[in-house]
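Report on one structure; see the data block that follows.
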Amino acid sequence: MCNQKKTLLFFFAFLMLSIFGVAQNDINSPYSGFGVGNLSPRTNTALSSMGGVGYALQNPYYINFKNPASYAAFDSLSFIGELAFNITNHKLKTNTEEYKGTVAQLDYLAIGLPVLKVWRTSVGIMPYSDIGYNIIDKHNNTIFGEVTNKYQGSGGIQLLYWGNAFKLCTGLTLGVNLSYLFGRITTMRFAEYELSNSFNTLTHSFRHIDGMQITAGIQYHTTIKEKHQLGIGAVYENAIKVWSKENLLVLKYYESYSPNGYFDTTKVKIGENALKSTMKMPQSAGIGLSYGYKEKLLLGIDFTWQNWKKFSMTETKNAFKNNLVTAIGIQYVPNVLSSKYYNKINFRAGTRISTGYIILNDNPISEFAVSVGLGLPIRTINTRSSINIMFEYSKLGTIKNNLILQNQFKLSFNFILQEKWYQRRKLE
């Protein structure tokens with residue numbers, strides 16, 4: 001019981017760090033300036049190594065929050081905790097310029113517990129989206145001469161979920177995630193003119209966001225001839241209206257802007273006068289298939305449809321299209337029962353293709369990603385705890401039509417702790 005209390009205290013402390021730390025980001029992606037930012041894949045490190053599949057997969061030794069029905073696979077006597085972080089290197093490229101940067105951040109935290117014989121539960125926090133960009137655009141105006149427009153943004157949306165799964169009958173499970181979305185998006189837009197006697201303008205926005213979302217999932221698994229496992233899973237996420245409260249400042253100033261410099265406030269909307277509105281987040285639906293051979297081979301394929309065409313937010317109603325994401329993944333374990341450590345390692349690989357939901361210059365901003373990973377058992381704790389490592393390369397956008405190509409390399413790590421839960425010691 002003492003170990004259980006220490007484990008809960010450990011993960012509760014990291015939960016608090018996550019709430020205040022996950023939202024901090026230093027990414028520099030120009031595409032994060034559209035909508036709610038760059039979307040998180042919302043899969044654990046193991047499944048991200050397999051291209052992000054997960055609708056039809058369930059495993060008692062990790063938490064698959066992509067489909068809440070998968071929680072039903074948790075062992076009835078075990079506690080599962082996952083903590084992950086990543087290091088991302090990105091390179092932005094246009095026809096004339098290149099930019100490189102690296103950032104490290106906490107990824108997600110999740111725990112899973114048995115409740116009753118047919119009931120399992122999970123709670124966790126992770127990014128829903130990240131925003132971070134700094135763009136400078138210069139052009140000539142016949143009246144004002146050279147005009148410099150600067151666009152800066154930071155913040156993002158976090159997702160705190162509570163999920164429950166139930167075993168309906170042999171092989172059939174049903175689950176639901178109740179999620180709270182919250183966060184802050186900060187944007188700054190500068191307009192600076194070459195003409196010496198003209199005012200420059202800064203529009204500064206602090207947007208607070210919160211709302212609730214429900215994700216429902218179902219899975220069915222069956223075994224054929226004791227060697228072949230087949231699975232199918234489906235997930236539906238409802239469209240929601242997210243409440244938005246925007247504090248707005250519009251300032252005018254001479255020459256270059258400085259927080260301590262002289263400026264004139266022309267518009268203030270803060271506190272009780274803040275601009276209140278709603279954002280309509282899109283519904284999505286997904287289906288996945290899986291095939292397993294003993295405990296050696298696992299294959300999965302997922303299809304996700306996202307109704308981004310219905311997304312609405314200030315000045316972005318016509319910038320989106322529906323998105324289709326296809327993910328394929330594979331996992332291979334040489335021999336899980338072997339006494340040799342090498343034979344217990346999980347080898348994973350996958351790919352993900354997104355048709356893109358952002359439209360710029362009449363071009364959808366599509367994404368392509370490939371990933372590989374390892375699952376390394378931790379013998380010093382127990383045979384089911386592990387460290388998982390993922391390396392992913394992704395490509396977003398294009399240099400055609402004056403757009404930006406974003407190449408990204410991500411290295412992710414997660415630690416999975418599994419301990420016995422509700423186990424009483426026998427007295428002799």
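The structure presented is a predicted model; accordingly, all values stated were derived computationally and were not measured. Below, all heavy atoms of this structure are taken into account, side chains as well, without hydrogens, waters or symmetry copies. The first residue in the sequence is number 1, and the count goes up from there.
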Exercise for the section: Begin from the C-alpha positions of K276 and E246 and carry the test salt bridge (Lys or Arg N to Asp or Glu O under 4.0 Å) through to its verdict. Expected result: CA-CA 6 Å; K276 297 179 181 179; E246 183 180 10; over 6 Å; no

Exercise for the section: Would you please test F182 and Y180 for ring-ring contact (aromatic ring centres under 6.0 Å, His included) and show each step? Expected result: CA-CA 6 Å; F182 65 98; Y180 172 58; 5.4 Å; yes

Using atom types as modelled and distance alone, determine if a side-chain donor or acceptor of [X] lies under 3.5 Å from a backbone N or O of [Y].
{"X": "N322", "Y": "K309", "answer": "yes"}
{"X": "S386", "Y": "I378", "answer": "no"}
{"X": "S371", "Y": "S48", "answer": "yes"}
{"X": "N200", "Y": "Y193", "answer": "yes"}
{"X": "K269", "Y": "N247", "answer": "no"}
{"X": "T222", "Y": "L230", "answer": "no"}
{"X": "T173", "Y": "A69", "answer": "yes"}
{"X": "S78", "Y": "D75", "answer": "no"}
{"X": "S394", "Y": "F368", "answer": "no"}

Problem - Audit row: R207, S277, side-chain contact (heavy atoms from CB on, under 4.5 Å) steps and yes/no - result: CA-CA 10 Å; R207 186 189 295 269; S277 61; 4.0 Å; yes

Would you compute the distance between atom [atom1] of [X] and atom [atom2] of [Y] and round it to the nearest 0.5 angstrom?
{"X": "I404", "Y": "K91", "atom1": "CD1", "atom2": "NZ", "value": "14.0 Å"}
{"X": "E419", "Y": "I80", "atom1": "CD", "atom2": "CD1", "value": "11.5 Å"}
{"X": "I301", "Y": "I328", "atom1": "CD1", "atom2": "CD1", "value": "4.5 Å"}
{"X": "L57", "Y": "N59", "atom1": "CG", "atom2": "CG", "value": "8.5 Å"}
{"X": "M390", "Y": "S412", "atom1": "CE", "atom2": "OG", "value": "3.5 Å"}
{"X": "N38", "Y": "S129", "atom1": "CG", "atom2": "OG", "value": "8.5 Å"}

Counting C-beta onward and ignoring hydrogens, is there a side-chain heavy-atom pair between [X] and [Y] closer than 4.5 Å?
{"X": "H204", "Y": "L248", "result": "no"}
{"X": "T88", "Y": "Q105", "result": "no"}
{"X": "F190", "Y": "Q152", "result": "yes"}
{"X": "V36", "Y": "M279", "result": "yes"}
{"X": "L47", "Y": "N64", "result": "yes"}
{"X": "K100", "Y": "H90", "result": "no"}
{"X": "S354", "Y": "N323", "result": "yes"}
{"X": "L405", "Y": "K395", "result": "yes"}

Problem - Closest non-hydrogen atom pair between Y133 and P30, with its separation - result: CB-CA, 4.0 Å

Practice task
Taking all non-hydrogen atoms of both residues into account, name the closest pair between G52 and A327 and its distance.
Solution key: C-CB, 4.3 Å

[X] atom [atom1]: more than 12 heavy-atom contacts under 6.0 Å:
{"X": "K321", "atom1": "NZ", "result": "yes"}
{"X": "N361", "atom1": "CG", "result": "yes"}
{"X": "Y341", "atom1": "OH", "result": "yes"}
{"X": "K138", "atom1": "NZ", "result": "no"}

Is a side-chain donor-acceptor pair under 3.5 Å present for [Y] with [X]?
{"X": "Q213", "Y": "Y128", "result": "no"}
{"X": "T278", "Y": "W243", "result": "no"}
{"X": "Q406", "Y": "S29", "result": "yes"}
{"X": "Y108", "Y": "E82", "result": "yes"}

Problem - Test side-chain contact (heavy atoms from CB on, under 4.5 Å) applied to I416 and I63, step by step - result: CA-CA 9 Å; I416 300 178; I63 303 171; over 6 Å; no

Handout entry: Ring centre gap for H208 and F206 strictly below 6.0 Å
Key = no

Handout entry: Validation row, ring centre F65 to ring centre Y71 under 6.0 Å
Key = no

Problem - Criterion side-chain hydrogen bond (donor to acceptor under 3.5 Å, both in side chains) on T215 and E237, from CA distance to verdict - result: CA-CA 4 Å; T215 305; E237 203 164 69; 2.8 Å; yes

Exercise for the section: Please determine if R120 forms a cation-pi arrangement with F74, meaning its NZ or CZ atom is less than 6.0 Å from the six-membered ring centre and no more than 45° off the ring axis. Expected result: no

Problem - Six-ring centre of Y55, K66 cation under 6.0 angstrom, axis tolerance 45° - result: yes

Practice task
Could you walk me through whether W305 and S284 pass side-chain hydrogen bond (donor to acceptor under 3.5 Å, both in side chains), step by step?
Solution key: CA-CA 6 Å; W305 173 79; S284 66; over 6 Å; no

Exercise for the section: Starting from the C-alpha separation in whole Å, work towards a yes-or-no answer on salt bridge (Lys or Arg N to Asp or Glu O under 4.0 Å) for K150 and E192. Expected result: CA-CA 8 Å; K150 300 178 182 178; E192 297 183 346; 3.8 Å; yes

Handout entry: Residues F199, Y253; criterion ring-ring contact (aromatic ring centres under 6.0 Å, His included); working and verdict
Key = CA-CA 6 Å; F199 275 108; Y253 59 94; 8.9 Å; no

Practice task
Dump the intermediate steps for side-chain contact (heavy atoms from CB on, under 4.5 Å) on L202 and M188, then the final yes or no.
Solution key: CA-CA 7 Å; L202 165 62; M188 299 176 71; 4.0 Å; yes

Practice task
Apply side-chain contact (heavy atoms from CB on, under 4.5 Å) to the pair Y61 and R384, showing each step before the final yes or no.
Solution key: CA-CA 6 Å; Y61 309 120; R384 295 305 182 182; 3.3 Å; yes

Exercise for the section: For side-chain hydrogen bond (donor to acceptor under 3.5 Å, both in side chains), just list the numbers for Y293 and H228, CA-CA rounded to whole Å, side-chain angles, deciding distance to a tenth of an Å, and then say yes or no. Expected result: CA-CA 5 Å; Y293 177 71; H228 308 276; over 6 Å; no

Problem - Plane angle bin for W119 and F166 - parallel if under 30°, tilted between 30 and 60°, otherwise perpendicular - result: parallel

Practice task
Check each of N414, N44, T45 against N388 using the side chain to side chain donor-acceptor pair (under 3.5 Å) test, and report the only one that passes.
Solution key: N414

